[in-house]
Structure formats: C-alpha cells, structure tokens
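Inspection log for the structure reproduced underneath, given as structure tokens.
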Amino acid sequence: MRRTFRSIAVAVLAGVLAPLAIASPALAVYSPPPTRLGDYTAIHLLTDRDEHHLGTVWLTSYGNGEYDLRVCDYYSDGYYISGRIDPGNGIVQVYHSRGVGDANCFEKKIYGVRKFRLGWRDFASGWATP
C-alpha cells in the first residue's frame, strides 16, 4: 500500500514538473538600425539570432507633413507589435497590429510626426525620425 502511494505521488509530481522543465525560454529580441529607402523608414524587430522576423513599423513620408503608417506582426506569440508616434506635442500615440500576417497589418494616414518607434511586449526600439 505504501509503495503504491509513493509511486502514485512520484508520477503526479513528475507530471506537474515535466512541463516546467521543457518550457521554452523567452524570446531574446533586438531592433537593428532603421532602414531608410526613398520616402519610407522602417523599424524591424528580430530574434537575437535572426531566426524570426517578429514585426515591422513603416512610415512613408509625402513631404507635406502627411505620412502613411503601417504596423505589422509576423510572429504568433500572443503579443502584438505597436507603432508609437510622437507628433511633438508630448502625447505619444500608440497603434497596434490587428493580428499576425500581412492581412492583419494596421494602416493609417497620420500627420505631423517628429519621431517614432516600435514596441513589443516590454521591449521598445530606439526613436527614429521619419
């Protein structure tokens, strides 16, 4: 009886602790310097070994204070990419992707951008100028 109880207790304990032992570690991420091509600037978020492209925030300038913002999430991890826009009035505006993949990118025409950055979970890239 005692031996049966002990083996049941060991099996229950192993069942509880096994998922903790094999749980995946948190993603380590970084944001390379902004990419500037013609009228647009993009901030990307990658895993530390460039295994996954998690998301991107694009800002396209039309030269008259008008911009197109595009916020995209490419990695299904339960967290969304956000674009944080500082128009220069001290109030940062935050826009989130609507889901994962190009079909769920958030797009909006905005005006007067002084600087912008990408956010994900508790990470934020450096500020970039458009």
Side-chain angles (χ1 to χ4, degrees):
M1 179 78 163
R2 188 183 285 179
R3 180 174 236 166
T4 304
F5 178 72
R6 187 180 310 164
S7 57
I8 291 172
V10 167
V12 169
L13 189 58
V16 169
L17 295 178
L20 297 175
I22 61 172
S24 61
L27 287 174
V29 298
Y30 80 101
S31 182
T35 303
R36 297 181 194 283
L37 279 160
D39 295 336
Y40 84 85
T41 304
I43 301 174
H44 304 279
L45 182 65
L46 307 167
T47 55
D48 63 344
R49 288 185 268 158
D50 295 338
E51 295 168 332
H52 301 287
H53 179 195
L54 275 63
T56 302
V57 175
W58 284 275
L59 204 58
T60 304
S61 172
Y62 292 103
N64 58 357
E66 183 180 331
Y67 298 87
D68 277 340
L69 171 68
R70 183 173 164 95
V71 181
C72 297
D73 190 333
Y74 297 115
Y75 190 73
S76 182
D77 60 358
Y79 298 97
Y80 291 121
I81 298 293
S82 66
R84 301 173 186 179
I85 308 297
D86 181 352
N89 63 2
I91 301 170
V92 174
Q93 302 159 353
V94 180
Y95 303 97
H96 301 282
S97 62
R98 293 188 290 238
V100 178
D102 280 326
N104 292 306
C105 291
F106 174 85
E107 296 177 348
K108 181 176 178 141
K109 190 168 294 297
I110 58 177
Y111 300 90
V113 176
R114 187 172 64 113
K115 58 186 178 178
F116 74 110
R117 72 190 322 176
L118 176 149
W120 172 80
R121 221 171 138 183
D122 58 355
F123 174 86
S125 70
W127 288 101
T129 55

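These figures come from a predicted structure and were not determined experimentally.
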Would you check if Leu69 and Phe116 make a side-chain contact, meaning some heavy-atom pair closer than 4.5 Å? no
Would you compute the distance between atom CZ of Arg121 and atom CG of Leu45 and round it to the nearest 0.5 angstrom? 11.5 Å
With distance as the sole criterion, is a donor-acceptor pair present between the side chains of Asp73 and Tyr79 under 3.5 Å? no
Shortest non-hydrogen contact from Val94 toward Ser82: CG1-CB, 3.9 Å
Polar side chain donor-acceptor pair, Tyr67 to Asp39, under 3.5 angstrom: no
Under a 4.5 Å cut-off applied to non-hydrogen side-chain atoms, are Tyr95 and Ile110 in contact? yes
Could you report the tightest heavy-atom contact between Ser76 and Val100, atom names first, then the distance? CA-CG2, 3.9 Å
Let me confirm one number: the CZ-OG distance from Arg84 to Ser125, rounded to the nearest 0.5 Å. 8.5 Å
Contact between Tyr62 and Asp68 at the side-chain level, heavy atoms closer than 4.5 Å - yes or no? yes
Identified side-chain contact (heavy atoms from CB on, under 4.5 Å) counterpart of Ile43 within the set Leu118, Thr56, Thr35: Leu118
Taken to the nearest 0.5 Å, the spacing of Arg117 CZ from Asp86 CG works out to 9.5 Å
Heavy-atom side-chain contact between Thr129 and Arg36 under 4.5 Å: yes
Minimum-distance pair of heavy atoms, taken over all atoms of Ala42 and Trp58: CB-CD1, 3.4 Å
When rounded to the nearest 0.5 angstrom, what is the spacing between CG in Leu54 and SG in Cys72? 13.0 Å
Is there a path of hydrophobic side-chain contacts, each under 4.5 Å between heavy atoms, that joins Tyr40 and Phe106? no
Interatomic distance, Ser31 atom OG to Trp120 atom CH2 [nearest 0.5 angstrom]: 12.0 Å
Would you call the rings of Tyr74 and His53 parallel, tilted or perpendicular, where under 30° means parallel and over 60° means perpendicular? tilted
Minimum heavy-atom distance between Pro34 and Thr41, given as atom pair plus value: CB-CG2, 4.0 Å
To the nearest 0.5 Å, what is the distance between CZ on Arg70 and CG on Leu59? 13.0 Å
Side chains of Tyr111 and Asn64, heavy atoms from C-beta outward: is any pair under 4.5 Å? no
Apply ring pair (Phe, Tyr, Trp, His ring centres under 6.0 Å) to Tyr80 and His96, showing your working. CA-CA 7 Å; Tyr80 291 121; His96 301 282; 7.8 Å; no
Assigning hydrophobic clusters by single linkage (Ile, Leu, Val, Met, Phe, Trp, Tyr; side-chain heavy-atom cutoff under 4.5 Å), is Ile81 placed with Phe123? yes
